[in-house]
Every structure is written in structure tokens, then in C-alpha cells.
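A quick write-up on the structure given underneath.
All ligand and atom numbering here is 1-based and tracks the order in the structure.
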Amino acid sequence: MAKLSFFLVALASMANASPHSTRSMHELHRRDSPPGTFVKTDAAPEDQVFNLHFALAQNDFAALEQKLYAISTPGNVEYGNHLTKDEVEELIAPSPDSVSALDSWLSSLNLTSQAYSPAGDVRSVSLTVKQANQLLDAEYATFVDQKSGVKAVRTLSYSIPVDLKEHIDVVYPTTSFPAPIAGFAKGSTIIRAADSKDVLAAAPQSCATSFTPSCAQELYGIPTTSATESSNHLGVVGLTDEWINNADLQMFLMKYRPDLPPSTSYSVVSISGGVNNQSRAGPEADLDAQYTIGLASGIPVEFITVGQAANDPIDEPFTKLIDGLLNIKNLPSVLSISYALPESFTDFATANYVCNGFAQLGARGISIFVASGDRGVTGEGDPDLCHTFAAMAPSSCPYITSVGGTQDINPEVAWGVAQLDEASGSGFSNFFPMPDYQKADVIAYQKVLPSSYDGLYNKTSRGYPDVAARSTLIEYVWKGQYSQINGTSASTPMLASIAALLNDELVAAGKSPIGFMNPFIYANKDAFHDITSGSNPGCNTDGFPAVPGWDAITGVGTPAYSKLKSALGL
Ligand SMILES: *[C@@H]1O[C@H](CO)[C@@H](O)[C@H](O)[C@H]1NC(C)=O
Ligand SMILES: *[C@@H]1O[C@H](CO)[C@@H](O)[C@H](O)[C@H]1NC(C)=O
Ligand SMILES: *[C@@H]1O[C@H](CO)[C@@H](O)[C@H](O)[C@H]1NC(C)=O
Ligand SMILES: *[C@@H]1O[C@H](CO)[C@@H](O)[C@H](O)[C@H]1NC(C)=O
């Protein structure tokens with residue numbers, strides 16, 4: 001390998017004037033057109049400077065993955081023996097040959113990369129659009145989403161030298177586009193403001209049309225008593241300038257958790273200059289905060305806010321989040337992430353990089369809950385035009401726990417309202433193969449689907465969601481108003497709160513936290529209420545039906561706290 005690097009240096013210096021004249025290139029990704037309703041408006045300004053990131057081949061991801069499954073699978077001798085940050089980085093660090101191969105290529109433009117991720121597997125370089133175009137045989141341009149006005153500077157294709165294929169997995173930002181919704185990456189929908197004089201009803205029947213923290217406590221058996229272990233934290237992720245409003249939080253707690261001190265708050269952890277500006281309340285951040293701080297009684301909550309310059313067209317929220325989280329030594333034991341985008345908006349290499357980042361966090365014992373999306377089988381697409389069912393990232397990553405949605409009570413059913421094109425995100429990845437922990441359940445489910453669905457979904461891949469909770473008519477406070485909201489953005493913090501409370505009990509009992517939860521979940525389906533009816537119609541089909549056992553709309557079902565507790569040996 002040393003010889004190869006030497007050879008590359010020689011080649012690169014020969015190629016000073018034009019970096020490609022002597023190199024054949026390998027196209028890493030190409031799309032025929034921008035995704036969704038993005039259209040190209042202009043070439044990107046040639047002298048615009050930005051940071052380009054190169055994710056290098058990781059030393060031994062296969063070993064990390066194997067370790068992740070061993071320590072997360074109940075009954076395995078290594079169960080609960082989570083890795084440290086350093087141990088993870090050792091498995092992920094790139095080979096020095098990859099670093100020198102990258103730098104000798106960059107030297108053709110007099111550029112040098114800097115280590116960016118803590119393991120050094122991601123390196124970044126600051127350059128102009130013109131230089132990036134030259135280096136990657138790319139054509140960076142400005143794209144604007146016709147529905148939301150969201151801007152993105154991206155290229156429709158990019159290449160690297162053939163001889164760097166074994167060294168570079170992905171370059172970003174390139175062909176992965178941001179979520180098309182302005183303001184926040186994934187939609188929860190705001191509806192009417194509820195009457196602020198509403199009395200908090202304890203009667204379960206009211207939970208059908210007005211879902212509060214007491215409803216979640218009652219339905220899922222969540223304890224109301226305060227956690228005791230101050231070392232056990234719960235992290236709420238905020239992307240795309242979504243911030244928690246403190247006045248809204250206090251109003252929410254006073255009405256819906258009068259038993260908690262109204263001053264109950266959270267701490268702020270900043271990634272890439274993220275702030276928590278009180279001048280604008282984010283509906284997503286408010287909801288996520290209220291259903292963690294308001295449910296995970298006594299658990300210290302951290303708001304992990306990822307910075308984004310206003311309307312920054314270069315921004316890539318998910319890679320930035322992963323890179324930031326991997327840098328943090330003392331992470332919360334549970335993360336709640338209510339953001340998603342269709343797989344078709346990103347690209348395999350970028351999604352895979354993000355997903356492998358989640359595996360690294362899982363290996364450190366972190367449970368990660370991700371919203372499955374709110375548009376059922378249509379994703380963000382036009383429900384009348386879709387030819388195949390959409391898959392949502394990062395829910396489609398096999399190393400996280402994807403959370404779907406339900407509605408109603410007695411019985412609680414899968415969330416899907418055809419007229420509104422609102423439904424639990426659902427389906428099968430086109431990127432990630434089916435993991436072993438869900439194989440038996442997913443194959444059994446595929447057998448009950450009509451054969452008319454053949455070709456609409458990917459039969460060999462990861463099915464999601466894994467679990468579900470209530471996602472409609474959720475009471476919360478936004479901009480000083482009692483309001484209701486629909487979305488898996490609500491069910492996700494509920495599951496995260498439950499995991500954090502279980503971790504509190506595990507820590508108190510001297511045990512390891514749950515960590516990556518899926519192998520445990522599929523081995524303990526009885527610890528969930530099976531949701532057996534409802535579906536998410538879309539794409540001119542009935543969508544995915546909820547059935548007895550796992551299904552691709554509510555997973556194994558909604559949580560039953562006391563059963564989860566005993567399954568964990570508590
Ligand atoms: C790189 O720097 C050298 C020395 O400063 C200069 O001669 C050369 O033109 C530069 N090459 C490029 C591609 O900028
Ligand atoms: C939220 O869900 C409820 C129940 O399905 C529905 O009546 C309401 O219209 C939804 N809100 C919006 C804005 O779609
Ligand atoms: C908060 O946002 C407001 C309005 O956008 C802005 O004027 C103010 O400077 C921001 N404050 C901080 C601390 O970022
Ligand atoms: C189906 O998923 C697999 C991964 O499980 C992927 O390799 C394949 O490309 C997908 N098929 C299509 C048509 O996208």
C-alpha cells in the first residue's frame with residue numbers, strides 16, 4: 001500500500017494543471033433529475049467557499065456491526081458490554097493509506113484535508129465551488145424546491161479517481177438533497193387551537209380525541225414517579241433551526257403535569273454552533289421537548305441543537321448531526337429524533353454513512369428512536385403519481401428503532417387517514433438489507449400481503465417501523481397556545497421517554513442501559529400491545545395493513561411498560 005501512495009503522489013504532481021488529465025474517474029453517484037419538486041435554478045457561484053467532506057473507508061465496520069449485535073442481543077455472553085468512544089473509534093479509523101491517497105489527490109489543486117470526525121474517517125477541505133467541480137467532475141448548482149422554497153446547492157453527479165475507489169466511501173454535500181419541507185425536516189401537522197379552558201380529563205375515553213401525557217401514562221403504563229439516577233440523560237435532537245420555547249414548555253407542564261415543578265427544564269448541547277433562540281418557537285422542538293420532559297419524569301433532558309446558518313443551501317442536517325454526536329464523549333443514554341426524509345432525496349452512500357454512524361452510537365449503548373414519517377406509503381411524493389411505495393431515511397437504517405403511529409383508543413389502531421394523506425410512515429428500505437433480528441417476522445408479514453403489491457415494495461430489505469405509539473390529536477403548547485398536532489414526531493419522544501425511564505431503573509439496579517433496542521424488541525414482542533387493525537392507504541392502494549404480529553405500519557405494537565420491565569429482568 002505504501003508503494004501505491006507513492007505512485008499517487010507522483011501522479012498527482014504530474015497532473016497539477018488539470019487534475020484529471022491523467023486519471024480515469026469513477027462515478028460514485030448520478031441522478032437523472034433532482035428529487036421531488038426541486039428544480040435547478042442557477043449554476044452555483046464559482047467562488048463560493050464551502051466545506052467538502054470525504055468519508056474514508058472505515059477500518060473494520062463489519063467487526064463493529066458484529067459487536068453491536070452481540071452486545072445488544074439478550075442472552076449473548078456479551079449482552080450489555082457496551083464499547084467506549086475510543087474502542088469504537090479504533091474500529092472505525094481509516095487506514096493511513098487512505099488519508100495519504102486522498103491528500104495526494106487534493107494536492108493537485110494545492111488543497112489539504114483536515115481530520116473532521118473523531119475517528120478521522122471523515123476529512124474535510126475548504127474549497128470553492130469551482131475547485132469542487134474540477135475535483136469531482138461535478139456541476140454544483142442551486143436547486144429550489146417549488147413547494148417550500150427550500151434551497152440546496154448540490155450536484156446531480158460526482159466522481160472520484162478510479163484508484164481511490166477503495167479509499168473513499170462518500171463525498172458530501174454532493175447528490176443528497178435536504179428534506180423538502182421548509183422550517184422543519186419532517187411534518188407534524190398543526191391543527192386547531194384547543195380551548196385553553198379545557199379541563200384535563202383523566203377519563204380514558206377523552207384520549208381518543210385529546211391525547212395528553214396522562215393518556216400516554218395510562219395507555220402504556222408509564223410511571224409518574226420521578227427517576228432517581230442523575231447520570232442517566234435523555235437527548236432530544238433539534239435540526240433545521242427548530243428551538244424549544246421555554247414559556248411554551250412551562251405552560252404545558254403547568255397544565256398537563258401539575259405534579260412536576262413548573263420550572264422543570266433542560267440543558268442545551270450545541271453541535272455546529274446550534275442555538276436555542278427564544279425569539280421563535282419551533283413546533284417540532286416544542287412537541288419533542290414537551291413529550292420528553294413531560295413524560296420522562298425526573299430524567300435530565302438535553303436539547304441537542306444542530307446549527308444551521310439561515311437558509312444555508314449547503315446544509316446537510318443528518319451528516320452534521322452524526323458527526324457532532326460522535327464527537328461527544330458523554331452522550332445521553334437515549335436519543336429522540338423526529339426528523340425524516342424520503343430515501344430518494346438522499347443517496348445510498350450518504351444514508352449508509354449516517355446509518356453506520358448510528359451503529360457506532362448504538363455500540364456505545366445509546367438507544368436511538370427515529371420517527372417513521374407522516375405520509376404513509378407516499379413519502380413526500382404526490383399520492384396520485386407514486387409508482388412504488390416510498391421509504392423514509394433514517395428510519396430505514398437497521399441500527400435504529402423506528403417509531404410509527406397509531407390513532408384512537410379501544411381499540412388503538414394504525415394511523416392512516418386517506419383523505420388527509422396523513423399516515424404512519426411505513427415500509428421497506430431500498431438501501432438496507434433485512435437484518436436478522438426481524439427476518440422471521442417480516443417474511444411472515446410479506447406472506448399476508450396481496451400479490452398485487454409485488455413490485456411496489458422491496459422484499460429483501462429492512463422493514464420499518466419497529467414499534468409505534470399514539471400520533472394523532474396530541475395536545476401541546478406552541479406560541480403560547482394550547483394546540484393539537486398529528487405526527488410520528490409525537491410517538492417518537494414517547495418511546496424515547498419510556499426507554500429513558502427503563503434505563504433509570506436499570507442503572508439503579510446496577511445494570512447496563514438497554515442500548516440498541518431492536519434485538520430485544522423482536523425477542524420480546526409480548527412486551528408490546530399488538531396493533532391489529534388500520535392501514536395507511538396511498539398510491540392508489542390500501543397501503544400496509546396492521547395485522548396480528550409485526551406489520552410494516554405499527555411494528556410489534558405499542559409499549560407496555562411493566563412488561564418491558566420484567567423482560568429486562570427488573
Ligand atoms: C499550486 O501552487 C503552486 C505553487 O504556489 C502553483 O505554481 C500552482 O499553479 C498551484 N496549482 C494550482 C492548481 O492552483
Ligand atoms: C389530525 O388528525 C385528526 C384525526 O385523524 C384529523 O381529524 C385532523 O384533521 C388532523 N389534522 C390535520 C391538520 O390534518
Ligand atoms: C434570535 O433570533 C432573532 C430573530 O431572528 C435575532 O434577531 C437574534 O439575534 C437571535 N439571538 C441569538 C442569541 O441568536
Ligand atoms: C432492494 O433493497 C436492496 C437492499 O436490501 C437493494 O440492494 C436493492 O437495490 C433494492 N432494490 C431496488 C429496486 O431498489
Which of the ligand 2 atoms, numbered from 1, are nearer than 4.0 Å to a heavy atom of Val417:
5 (O)
Region of Glu422 engaging ligand 2 - heavy atom pairs below 4.0 Å:
side chain
If you measure from each non-hydrogen atom of Asn458 to ligand 4, which part falls under 4.0 Å: side chain, backbone, both or neither?
side chain
Taking the six-membered ring of Tyr482 as reference, does the NZ or CZ atom of Lys255 fall below 6.0 Å from its centre and within a 45° cone about the axis?
yes
Please step through side chain to side chain donor-acceptor pair (under 3.5 Å) for the pair Glu316 and Tyr172, ending with a clear verdict.
CA-CA 8 Å; Glu316 274 229 332; Tyr172 60 88; over 6 Å; no
Is there at least one protein heavy-atom neighbour under 4.0 Å from atom 14 (O) of ligand 4?
yes
Got more than 12 heavy atoms from elsewhere within 6.0 Å of NZ, Lys439?
yes
Aromatic contact, Phe544 with Phe389 (centres under 6.0 Å):
yes
Measuring from atom 6 (C) of ligand 4, which candidate in Thr460, Thr388, Asn430 has the nearest non-hydrogen atom?
Asn430
Per atom 4 (C) of ligand 1, closest listed option by heavy atom (Leu111, Leu109, Asn110)
Asn110
If the cut-off is 4.0 Å to any non-hydrogen atom of [X], which atoms of ligand 4 fall inside it?
X	result
Ser461	2 (O), 5 (O)
Pro433	4 (C), 5 (O)
Phe432	4 (C), 5 (O)

Using a 4.0 Å cut-off to any heavy atom of Ser108, which atoms of ligand 1 qualify?
13 (C)
Return the orientation label for the His529 and Tyr220 ring planes: parallel under 30°, perpendicular over 60°, tilted otherwise.
tilted
Mutual orientation of the aromatic rings belonging to Tyr445 and Trp550 [parallel < 30°, tilted 30-60°, perpendicular > 60°]
perpendicular
With Arg462, which of Cys355, Ser429, Pro433 fulfils side chain to side chain contact (heavy atoms under 4.5 Å, CB included)?
Ser429
